[in-house]
Amino acid sequence: MRRTIPVLFAALLIAGCQPASKVRRTLALNELQNHAGYAEQQGDDATALELWREYVDRRPHEAMARYRLGQVLLRTGEAGEASEHFRVAHDLKPGRLDYLEALAESLHQSGQRETMFQLLQDTMSEGGLAAGRMRYARFAMRAGLVDEAEESLRIAAAVEGTGSDAPYRMLAELARQTGDPDAEIEAWRTVLWFDATDAEANGRLRDLGVIPGPSLAIPPRTGG
């Protein structure tokens with residue numbers, strides 16, 4: 001079966017000396033989306049950027065297009081502009097955690113720290129309180145705010161209770177970053193309560209000079 005040349009690029013060849021923007025504006029929205037996606041797959045962010053801009057110009061209240069345009073901008077080092085589009089996407093679809101994560105990431109990369117932390121505070125309940133606390137802690141860790149990150153992870157652990165080891169894995173990572181082996185050992189021992197055969201926990205404990213065994217696991221804290 002003959003391989004079809006993407007319509008946009010075929011149109012540009014046929015148009016000859018016609019401006020690319022004139023040809024681009026003849027495409028339907030679904031064609032713009034398809035060709036922008038194709039350009040991204042080919043690593044052609046310049047073309048993808050042009051096409052997603054055209055899509056957003058035509059339909060500014062389309063959250064998906066704002067998000068995709070923001071992703072290209074973020075990849076090309078335009079985090080500040082990307083944050084503007086991610087914010088619109090998140091405002092339009094507040095339940096989409098990928099839009100929220102992208103907005104926080106773009107604010108972090110563009111140095112808008114105060115705005116980023118306000119966003120993370122305001123959206124703490126999106127995806128559940130424990131997830132919101134871990135999301136806050138992750139960015140706090142990247143910003144070097146150790147105490148804030150630990151406090152947020154302790155709250156996440158209390159909310160999760162015996163439901164998930166995720167907060168303890170993050171506590172272990174934080175302790176490793178800050179050079180606190182006792183706290184890291186405690187966190188990994190709690191992970192073992194959830195699964196005594198956990199390879200990462202057992203491997204790291206051995207690195208820390210602790211011999212894993214059936215009595216090593218400790219239950220999650222249930223108090224404050």
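These values consider heavy atoms only, across backbone and side chains, with no hydrogens, waters or symmetry-generated copies.
- No donor-acceptor contact under 3.5 angstrom links the side chains of Gln71 and Trp52, judged on distance only.
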Practice item. Go through Glu101 and Phe139 one step at a time and tell me if the side chain to side chain contact (heavy atoms under 4.5 Å, CB included) criterion holds. Key: CA-CA 10 Å; Glu101 291 274 359; Phe139 283 96; 4.0 Å; yes
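- Linking ILVMFWY side-chain heavy atoms closer than 4.5 Å, directly or via other members, places Tyr99 and Val56 in a single hydrophobic cluster.
- When all heavy atoms of Arg133 and Ala156 are compared, the closest pair comes out as CB-CB, 3.8 Å.
- Two residues are said to be in side-chain contact when any heavy atoms from C-beta on lie closer than 4.5 Å; Leu74 and Phe86 meet this criterion.
- Taking CZ of Arg189 as the reference point, atom OH of Tyr168 lies at 13.0 Å (rounded to 0.5 Å).
- Heavy-atom minimum distance, Tyr55 versus Ala65: CD2-CB, 3.3 Å.
- Linking ILVMFWY residues whenever their side-chain heavy atoms come closer than 4.5 Å, directly or via other members, leaves Met124 and Met170 in distinct clusters.
- The cluster map of Ile, Leu, Val, Met, Phe, Trp and Tyr, joined by side-chain heavy atoms under 4.5 Å apart, puts Val191 and Val159 in different clusters.
- The CG atom of Leu32 sits 14.0 Å away from the CZ atom of Arg53 when rounded to the nearest 0.5 Å.
- Taking CG of Leu103 as the reference point, atom OG1 of Thr123 lies at 8.5 Å (rounded to 0.5 Å).
- Residues forming a side-chain hydrogen bond (donor to acceptor under 3.5 Å, both in side chains) with Arg176 (at least two apart in sequence, or on another chain): none.
- In this structure, the separation between CZ on Arg59 and CG on Leu29 is 5.0 Å, given to the nearest 0.5 Å.
- Among residues at least two apart or in separate chains, side chain to side chain donor-acceptor pair (under 3.5 Å) pairs with a member in residues 204-214 are Glu184-Arg204.
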Review point. Going through the checks in order, is the side chain to side chain contact (heavy atoms under 4.5 Å, CB included) test met by Leu145 and Arg113?
Key: CA-CA 12 Å; Leu145 302 177; Arg113 190 165 112 170; 3.9 Å; yes
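- Around CD of Glu114, the count of heavy atoms belonging to other residues, nucleotides or ligands within 6.0 Å does not exceed 12.
- Clustering of Ile, Leu, Val, Met, Phe, Trp and Tyr by side-chain heavy atoms under 4.5 Å joins Leu92 with Val88.
- Residues Ile155 and Tyr136 share a single hydrophobic cluster, defined by chaining ILVMFWY side chains whose heavy atoms lie under 4.5 Å apart.
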Exercise for review: Output, in order, the C-alpha distance, side-chain angles, deciding distance and verdict of side chain to side chain contact (heavy atoms under 4.5 Å, CB included) for Leu100 and Leu119.
Suggested key: CA-CA 9 Å; Leu100 171 57; Leu119 168 74; 4.0 Å; yes
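- Counting all heavy atoms, side chain and backbone alike, Gln109 lies closest to Ala79 at CB-CB, 3.8 Å.
- Taking all atoms of both residues into account, the shortest heavy-atom contact from Ala196 to Asn202 is O-ND2, 3.1 Å.
- Taking 4.5 Å as the limit, every side-chain heavy atom of Val72 sits out of range of all side-chain heavy atoms of Glu78.
- A donor-acceptor contact shorter than 3.5 Å is absent between the side chain of Arg96 and the backbone of His90.
- Between atom OG1 of residue Thr190 and atom CG of residue Leu171 there is a gap of 8.5 Å, rounded to the nearest 0.5 Å.
- Under a 3.5 Å cut-off, the side chain of Ser152 and the backbone N or O of Ala149 do not form any donor-acceptor pair.
- Within the 4.5 Å cutoff, the side chain of Phe117 has no heavy atoms near those of the His108 side chain.
- Between Glu186 and Arg221 the shortest side-chain heavy-atom distance falls below 4.5 Å.
- Salt bridge Arg135/Glu126: absent, no basic N to carboxylate O contact under 4.0 Å.
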Practice item. Run the numbers on Arg87 and Leu107 for side chain to side chain contact (heavy atoms under 4.5 Å, CB included), then give the verdict. Key: CA-CA 10 Å; Arg87 185 171 291 281; Leu107 292 171; 4.0 Å; yes
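- Residues Ile218 and Ile185 do not share a hydrophobic cluster, clusters being chains of Ile/Leu/Val/Met/Phe/Trp/Tyr side chains in contact below 4.5 Å.
- Counting only N and O atoms by type, the side chains of Ser110 and Gln112 include a donor and acceptor under 3.5 Å apart.
- A salt bridge is defined here as a Lys NZ or Arg NE, NH1 or NH2 lying under 4.0 Å from an Asp or Glu carboxylate O, and Glu62 with Arg68 fails to meet this definition.
- Using a 4.5 Å heavy-atom threshold, the side chains of Arg169 and Met134 count as separate.
- Here the closest heavy-atom approach between residue Leu153 and residue Pro167 is recorded as O-CB, 4.0 Å.
- Taking CG of Leu205 as the start and CD1 of Ile211 as the end, the distance is 11.0 Å to the nearest 0.5 Å.
- With salt bridges taken as basic N to acidic carboxylate O contacts below 4.0 Å, none links Arg138 and Glu173.
- Phe194 and Thr162 make their closest contact through CE2-O, 3.4 Å (heavy atoms, listed as atom of the first residue, atom of the second, distance).
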